[in-house]
Each structure stands twice: as C-alpha cells, then as structure tokens.
Amino acid sequence: MTDPFVIAGVELPSRLILGTGGAPSLHVIGATLTASGAAMCTVAMRRVDAATDGSILDVIDRHAVRILPNTAGCRTAREAVQTAQVAREALETDWVKLEVVADERTLLPDPIELLDAAQTLVAQGFHVLPYTNDDPVLARRLQQAGCVAVMPLGSPIGTGLGIGNPHNIELIVSEATVPVILDAGIGTASDAALAMELGCDAVLLASAVTRAQDPVAMAEAMALAVRAGRLARNAGRIPKRFHAQASSPTEGMALL
Amino acid sequence: MTDPFVIAGVELPSRLILGTGGAPSLHVIGATLTASGAAMCTVAMRRVDAATDGSILDVIDRHAVRILPNTAGCRTAREAVQTAQVAREALETDWVKLEVVADERTLLPDPIELLDAAQTLVAQGFHVLPYTNDDPVLARRLQQAGCVAVMPLGSPIGTGLGIGNPHNIELIVSEATVPVILDAGIGTASDAALAMELGCDAVLLASAVTRAQDPVAMAEAMALAVRAGRLARNAGRIPKRFHAQASSPTEGMALL
Amino acid sequence: MTDPFVIAGVELPSRLILGTGGAPSLHVIGATLTASGAAMCTVAMRRVDAATDGSILDVIDRHAVRILPNTAGCRTAREAVQTAQVAREALETDWVKLEVVADERTLLPDPIELLDAAQTLVAQGFHVLPYTNDDPVLARRLQQAGCVAVMPLGSPIGTGLGIGNPHNIELIVSEATVPVILDAGIGTASDAALAMELGCDAVLLASAVTRAQDPVAMAEAMALAVRAGRLARNAGRIPKRFHAQASSPTEGMALL
Amino acid sequence: MTDPFVIAGVELPSRLILGTGGAPSLHVIGATLTASGAAMCTVAMRRVDAATDGSILDVIDRHAVRILPNTAGCRTAREAVQTAQVAREALETDWVKLEVVADERTLLPDPIELLDAAQTLVAQGFHVLPYTNDDPVLARRLQQAGCVAVMPLGSPIGTGLGIGNPHNIELIVSEATVPVILDAGIGTASDAALAMELGCDAVLLASAVTRAQDPVAMAEAMALAVRAGRLARNAGRIPKRFHAQASSPTEGMALL
Amino acid sequence: MRIELNGRPHELLEGTTVAGMITSVTGSAHGSAAVVDGEVVPRSAWSDVALREGQSVELITAVQGG
Amino acid sequence: MRIELNGRPHELLEGTTVAGMITSVTGSAHGSAAVVDGEVVPRSAWSDVALREGQSVELITAVQGG
Amino acid sequence: MRIELNGRPHELLEGTTVAGMITSVTGSAHGSAAVVDGEVVPRSAWSDVALREGQSVELITAVQGG
Amino acid sequence: MRIELNGRPHELLEGTTVAGMITSVTGSAHGSAAVVDGEVVPRSAWSDVALREGQSVELITAVQGG
C-alpha cells in the first residue's frame, strides 16, 4: 500500500519530524537522524556565536534531511514574522514552523499572536506550519488562513505528558484539510503511536528523543512507533467491547 | 545491543506471540505470521473434524513458527490438565498456554483452578505459561509454582480495552523472576507499545490482529509496536513534568 | 471555616451555577433550583413568543436566584455584544455569561471573537464571565481584559465527557486572579467534585441536570458533589503513592 | 426516595464506613466519626498494651457507631480465622472484615488464603465482609462461599490512587448478589463519588480521611461525596456524546 | 402604522413609544428589551423613543438556556 | 467392532490400535492424539494399545485458537 | 504462678480464671479476649477455665486500624 | 568603521557590504542572514547594500532547537 505523506505538494519520506534541541552533541543529533529516518528536522534561529564548534547545518546537510526553521522564543507576531524572514534568507527555504508562545512556564502558543503571524507570513509567500494548542477552532482558523499544516500539541513542550486530550485531536483530524502533525508533549513510543492512531499525519518531537537516556535507541523507537500507529490506523482496529469475546472456538470441545 | 528474549532456556526470535483464533482463513493466518514475524503462535485443541479443509498445523510448519497449544474452553483444573496432556501427545511439545476460565461472559481466569492446574502440570514436567488476571499476588504464586512465564491480561479477551490497570502490570514486572507476557485485551498498536514500556517481556494477542479490518497490516503494526515499546523502555524515557521545558535555547536571541 | 465565594465583590451563597436549558418544563427547573441550592442560573435571550406559557423569569424570581443572561447562539463578537446589551436592558443586570461559539458541531468558543467581545463589553461596563476553552493563555488574556471570572470548559457542551484535560484546568487555576468556574462537559457528580478538587471556585452545568433521567435527584447530587470537592480540596488530600501503606498498626501483633 | 443500605439484614444509616487507622489521636477519630456520619468503623485486633491511654472502643461507644473488627496483618487463612474468633469474643460481634494479605509492599489480598478463610468463617457462623482484589471471579467465589458483602479494592491500601480499574468494578457490580463495598485506594472525594456511580453500595476508607491534612473536613467531604455519587447513580446520568449538544434553544434567535 | 416585529408585520398606533410597544406586547415593563433598526434602546429612553412606520424591531426576552 | 469416536458411532476392524485408528482417520501420525475412556494415551503406547468394542474415544487435534 | 502474657512473664494467683485475668489486666470484661496456648477461649467459658503455670496467653483488644 | 554586531562593537572596513560582512564573520555565504537596523536584508541585495558607521546588525544562523 502506498501511503504518501505530502505537505504543500512535497512528498516527505517519513512521518516523523525531529526537533534538534536538547541533544548533548551534534554527534548525537546525527545519530538520531540516522536512527529515526526522520523526514525533516527543526532548527532555531540565534545570533552567530564565534565560540561555537561545528554547525547543526553541516549535520543536516550530511544526512540529506529537509530543514524546518522555527520561530522559537518569539512572543509576538512581529518578532515571529521577522524571525521567519531571517530564516528564509539564511536557509533559503520558505517553510517555517511558526511558534509564538505566551510565557516561559507553559510555552503554550498565544492564539491571537499566532493567528496574526500566520496570516502575515502566508501573505508573504511562506509555507507556514504553526505550532498550536489543541483547540479545534484555532486549528480551523489557521487552515483558513492558508497554513500548509497544523501542528497541535499533545501537552506542553518538554513535559512528556503525552496526549492530554485525545478528543480534541480527533476533532481536529476529523475536519482537517491539511496534514495534522502532533507537536509537543510526546514522552515515549506509545504516545507517538497513539497520535497516529488518532489520525494525525505525522509526529514532531524533540525532547523525547534528545533528552532520553539513550537518544539513538529512542529515535529508532519513535520511528517504529510512528509507522506502527499509522499502519494500525489504516488497518481498522477492533471495536472496544464491554464483555469478552472468545478467540478460540466454542464448538468441537472434547468430552474430558 | 543484544536483547534476547528467553523462555525456559529457549531464545525466541521475536517478542510478539500471535493467537490464531478469529482469523477469516488459514491463508490470512499465514500472511499475519509473515507480516508479524511472530516467534510463536497459539492453537486450541478440538475434536478432529473430517469436514475441515487444510490444517493450521501445516501453516505453522511452513512458517517455522513455534507452536504453543492452549487449554482454551476449560473451566476446571482437571479439564485443563487433560487438555495439556493431549496437546503434548498430539503436538510433541511440553509447552502449554494454560487457560482456566470462569465464565463465558468475561472469560476471566479462575484463580483457584488456575493455580491448581499449574501446580499439577509443572509436577508432570510441563513448561507452563499461564493466562492470568493482573493480580500481582496470583502472578507471584504462579511463579512459585514453577511456571516458566506469567501472562497477565490487559483486559478481558477480545475486548480491545487495552491495559486496564497499568499499575498492576508494573507491580508484576517489578518482582517477576520469569518473563511477563501481556496476554489479552490489546486493541491497537499503542496498547502493545505501552505493554512493553511498562516492562513486559513480550505481548500475546489474537483478536486485535485476526479481527482487524486488515489483519495483515495490523500484524505488521503490532510487530513494529512491540519493538518500539521495547526500545523505548530500554532507552530511558524523559520524566513527566508539570511545567514546560524549552527545547530551543533561551540564549542568543536576536534583538528584533 | 468560612469559605465565601465572591464574584466582582458579590458573595454568592453556593458554588453551583445552573443552566436552565434542556429541562422538560419550568416546573422541573424550579424543582432543580430548590434541590441544588444554586447561587445563580443562566438564561438565553430569544425573541418574545406569544405562544409561550409562563416565563423562566417568574420561576427565577420565586426562587430568589441571581440571573445570569448568556449570549448563546452568537457567532461573532458583534452579535454577542449586542445580545449582552439587550440582556442588560431586559434583565437590568450588567452580568453576562459571554459565549461566542464557532460552529454547531462542537459549540467550542472562537478565541478571537471571544476576546474581542470581552474587551468591548468590559469597556461598556459589563461584568463579563466568559465561557472559554481550557487554554491557559486565553484564560489569562481574558483576565487581562478585565473579565470578573473565567469559565473554561471541561469538554464540549452537552457531551458529558467530564474534564478532558485536568492539567490545563490546573494551569488556569494556578495563576488565576479571578474565580475559575468549570463550565460545560460535566456529566455526573464525580466530574463536579473533580473540578473543585482541581481548584475551581465553582461549577456551571446544565445538561447534566436538566437532561438526566431524574433532574431533581441529579441537582441534589451536584450540590453535594460541589461541596464535597471544595471541602476535599481544602482538606489537603493524601499524596499518591506507588506502594501500599498499612492503615492498621504493624506492631502489637498477637502470636497466633 | 428511600434507598436503604442493608447488610445481612441489618440496615445501616450511612453508605460510608470509616477505618480508624492512621489518625493522629482518638480525639480526631471521634471528630471524623461525627463529621462523616459513618455507619460503621473498623478496628484492628492487637495485644493489650498497658501503656495505651484511652481506648478506641470508648470513642466508638460514645458515637453509637457499629464496630467492624478486621483481620489486618494476617498472612494465612489460619491466622485470619483465629483473629476473627478472638474479635468475636472480645467485641461480641460476628461481623468481620476479612483481610489476608500477601506481602507488606502491596498489602494485596492473597486470593487462595482469602477464599479459604472465608469458607471457614462462614461455616463457623460469621458474617464475613472480605477485603478482596478487583477480580470479578474471586468476588463471585466469595459470594458463593456465603460472604454477606464483597469489598473490592480500588487500588492498594493507602496509595490514594483511586479506582484503578473501573471496568472490573462494573463487572463485579453487574452480577453481585450481596452489597459491593469499595475498599482501599480512595484518595479524595471524587474517587468516592465515582465508586458509587459505578454501582457500589458503599465505600470503606481510612487513610484518605485519617491522613489528610484536615481529617475532619475530609470526613465531611467523603460523606457528601458518597451521597452525591449514590444520588447520581440513581438519577440516571446523561450519555456521553462525541459531539456537542446545545443547552440553549437554536430557535427564536433575534436578527442582530 | 405598521412595523416589522420579530420578523413579522405588526400594527401599532401612531406615536407608540418603545415603552408602550413592550408593555402592550408582553404585558410588563420587565424582562424584555428591544432592538430598533439594529440599535439596542436603553431602558431609560423607552418612554422617549417613538416608533416609526416601517421600522424593524426585535423584541427579546429571557428563555431557558445555557 | 464399534466404538464411539468424538461422540458418534464409528466402525473399526477388530484389533485396531490407537496408532492405526489415528492414521486411518487423520491420514497422519502427527498433530493429533487420543483420549480413550477418559485416559490420555501416550504417543509411545499408541502401537501397543488395541481399542475394544464400546470404548469411547476422543480424537483431538490443533485448530485455530487463543 | 507464672504465665507468659503477650510474650512477657506475668505473675498470677493460683487458680485465676481467664475472666479474672482479663478483668485484672484490662479493668473490664468487655473489649478484649484471650488465646490460651493457641486456643481462643469463648467468652462463655471464661469463668470456668483456670489458667495454669507456664501457659502462654495472648490478651487481645481492639485498636485503631483498617 | 564601527558597527554594533549582535550587541557588541565590531570594526569593519569602510564600504563593507552585507555580503562581505557575513562572509568575513562566518566564513560562508550560506546558513546565516542579517537584520540591519531592524530590517531583514534579502539575500538578493546582500552585495548591493553597504553597511554604514553606527548601524546595528543582527547576524543570525541556525542552531539546535525545537
């Protein structure tokens, strides 16, 4: 069965997108990219620092993974728009993971600033992938604004709390006209599988891999989990039943 | 990393065990065995029926999968012991999945009869893998009786309700001296991954695959999920946090 | 212990607020108001209909319950503002439950229109109690706009799904500067108790009572549950533990 | 509506049973008995200790609460039977809360010893209320043995984890022929309400009250929660729905 | 004089005020309010505002809801 | 000679052993086993045990299950 | 006469009955009971059963618990 | 000529273009971009825009994140 994953007309080779933040070294990032077979990875935009050894860009180039700059750290639409513009010039891509967060403690998106930034960036020709909360209405508004995907959170960034509200994710999926990418909150493989089973098209995660005790093993786990969840979604799971149903035949019992 | 799965001194090539009940045809069983790479599969013992076309045994032989007869349908220790003896003579194996259920509606194990049968069969030289409830005390008793694995349920057979009480599974795992195999209740891939993340050594499932709309795709999903969950368990997941933790650096922000 | 519940300087005699929609008759509403001891009840604003027998207003008057008009049915800030203005003239109260929903299927609030309407109404001197989603950022924004309470949902209106995301409710409570009222989604008494245990100051519910098989009994159940949850919150519950802790002494055992 | 709670032909005035272990003083026990209006309270049987000031028995006498001795601390059927016999002579009651636990770490009941002890005690004329796990089959066996109630756990004693497996409690309730009393694991009021909503006839709890920061307030909370849950169960809750259902009328909207 | 009241034609005497219209339709000065040609009329102005031929009036009250 | 096989009458030649019966019914010595009058017959004894008139035999094999 | 009471030596007058021992130790005939050499003594027999030198007695009462 | 680069004083030759500055600081024309006095300079204009004394420049690149 072919089951291509396409964003904005571009087919991506995997339904797993890796964030690169939190990893202990560039070497580990490279190894997790290999182990995960990730389609794309995110980077943040920061001041050039002469003291830094090596560049994440070299690692990404070597692994032939698509780059997705984010606007992490931005609190207003204005900052986020300008960060996206800088990223476009620096990295020569008009794809952007749009983040506009409201505070340090929750890192939750500010719905008003986020929608405003999305509208502005779409008008400037960007392909916008917004990191949003799990509100189906905001997800719809972002799609109406022309975003090429919506990326609702499972739970706040870095918490590892998994998918706090599966019902909302199902509502978003049920009416989505662009890919839905579960972004943030994934803690372990079963969370990623569940995201796919709820109907998400892909999963984006960073801390779950980069901060695991063994990031490379967890990267492989996530790759398998995303595939497992996607296959299970498409395979049509059995319904939940209150009472049991035998899996061995009830006829043909011997008289013992 | 080598991570062998061993029961009673026998290394099995996969941590997934398939039940074969509920499949629409022998052909589908064969295809799910291939897709899942299962280590072992269960069969029930029933009267020879001349009207039957083909045999599950031929399918199992062709796939070189280890066979695990069960005592499904038995309500008493006596019936279960005799069924195990018949299976040993018929299939030339002394491994048995011991099932002694209490009623049709729940198919839950009867703890008294189960322990009694386990003790008898161990004394007769069987390698006993009991299907048990999720009671840590009964699991301990079964281990003390000499069972070579314990197979607690996630939820009742065929319900697809997943793992109803993860706390009990964790308690069983925390003190187990033999492999713990999650048996019954799995509905979808994330359930199987979760079982492994809780520390189970393997997963046994039937209906989730055989009764899925696309059994072969679901078989593959389960194989991936079990591997994902095992890797994630060993990789050391991130702790759960109440508040967020940034995955992008907070230093080096440009003044925009 | 005194534990007054105050909104906008007004002390209310109960932490339960009833919606009156969905009840089979005005008589039942009266009986549920009595049984629940509700502090306040909501009404919707609709065209005068000469064919209607009796008025909800008479019932509310008789029970000496504070009235809280809502803007149910409004889809835009403009409609909601005008509905609030009409309600103020009709009912001579400047309190309003502000609802601006995005669609019929989910009845979820539209965050953009909601915040816009709240800002306008606060500027016009209203005491605004907005029905909002469970996004902590939007709740904060509404407080900054001058709302006298925030009313996050547990789950969508009328679903009875309870509190879908307790983590979000806890985040909202943890930084709230005005009362937090859990509004929508309550299905049964334990949901209401849980809302209070999470730190909400009150609960607003309609369908759970008005559409129960026995609305009056459920009204009493909810009143008790809200009190139970509030007391439990203040009483300081025991922490959750992974292992058991005996409640009978381990010393002084007889030798039997 | 009358809704009497009857065990073994004795009508009890409340559906809440308190354990007295873990309380900081006899004075607090007295106050929690008053605040909870408990029908009955449990005591453990231990060696007479001359150094002890005051007696739990005086407190219980003063509050005119029925006494229920337990067999806490017993590990075998033999010990439990003898403890029950001692309690009968000491307290002049043939009611006994039968506990036979398997280990200190989980305090979970040993199913084999428990059933054995129950059978023996019933034969000796006791009214046996067994503390059991949440296995529907063991609950059935205990009823068949003649127990006058079954008391499944929500989760292990003192953990405050609430009801780990509501499905099992529902299965037990659905076929019970004697009262079902949720015993152990309750942490807060909503847990107690949920137990009643699942169909339990009563709740037994100790640590949740005695070890709360304010035991007396928690005792009152539990009393309210048990009543709330019972009323809600009988009132017939609304069904859970995936989509929203408006509680305000959709007709009669003004044109604004 | 004819106005549109809640979407239907409605006859009024010339010079009827908002106060008069509300009382005549609902029997009370309490519990309802009017929107005339899209403007909410403040209660304090009800006696001063006369309705005019052809105006569109929404007369609104509280019903069960919420 | 008539026995009861899996609950139904079944004709056998006098002196038929368990091994013979199994092979004749299933076509193979593998994959099935017999319980004769409530006793499981060990595979090692199949060729030695002759069936007798009126015995009740359960002939059991593996089927999909579990 | 010396018995062992709850694991410790305890002096009693010759001929002390279970009833006497319980009353003397606890001050009451209510709320406690005794196990003598592993046997629970029924309340109805307390006045008839005399304790003997060297017996092991568990004297048990209700405490907070459960 | 002195500009402010990422918040610190930085010396440049007169007439240095954005392209020149980026290459001299980072060693590459790829992977970074500049904001000059609050305006993002398009890559296509880098060679045309000369920096001037006192300008404030943010030089930005990709780092691990997100």
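Per chain, numbering begins at 1; letters A, B, ... match sequence-line order. Quick note: numbers below take in every heavy atom, side chains included, and nothing from hydrogens, waters or symmetry partners.
Among C/R105, C/E79, C/Q82, the residue with the largest count of heavy-atom pairs under 4.5 Å with chain D is C/R105. Note: C/G252 leads C/G252, C/A72, C/G160, C/A217 in heavy-atom pairs under 4.5 Å with chain D. Note on C/A254, C/C74, C/A228, C/G185: by heavy-atom pairs under 4.5 Å with chain D, the leading option is C/A228. Note on C/R233, C/R227, C/R211, C/M218: by heavy-atom pairs under 4.5 Å with chain D, the leading option is C/R211. In terms of heavy-atom pairs under 4.5 angstrom with chain D, the leader among C/S207, C/G22, C/P156 is C/S207. Residue with the most contacts toward chain D among C/G21, C/A193, C/A221: C/A221 (heavy-atom pairs, distance under 4.5 Å). Comparing D/L107, D/D191, D/T42 by how many heavy-atom pairs each has under 4.5 Å with chain C, the most go to D/L107.
In this structure, the side chains of D/T188 and C/K240 stay at 4.5 Å or more apart for every pair of heavy atoms. C/E104 has its side chain within reach of D/T250: a pair of non-hydrogen atoms, C-beta onward, lies under 4.5 Å apart. With contacts defined as side-chain heavy-atom distances shorter than 4.5 Å, the pair D/T83/C/L256 qualifies. With a 4.5 Å cut-off on side-chain heavy atoms, D/R46 and C/S248 count as touching. The shortest side-chain heavy-atom distance between C/R237 and D/I186 does not fall under the 4.5 Å cut-off.
Only the backbone of D/P239 comes within less than 4.5 Å of a heavy atom of chain C; no side-chain atom from C-beta onward does. For D/A206, the part lying near chain C is the side chain, with the backbone staying farther off; criterion is any non-hydrogen pair under 4.5 Å. Within the 4.5 angstrom heavy-atom criterion, no atom of D/L108 approaches chain C. There is no contact between D/D103 and chain C, counting heavy-atom distances below 4.5 Å.
With D/E220 contributing its side chain and C/L231 its backbone, the two residues share no donor-acceptor pair below 3.5 Å.
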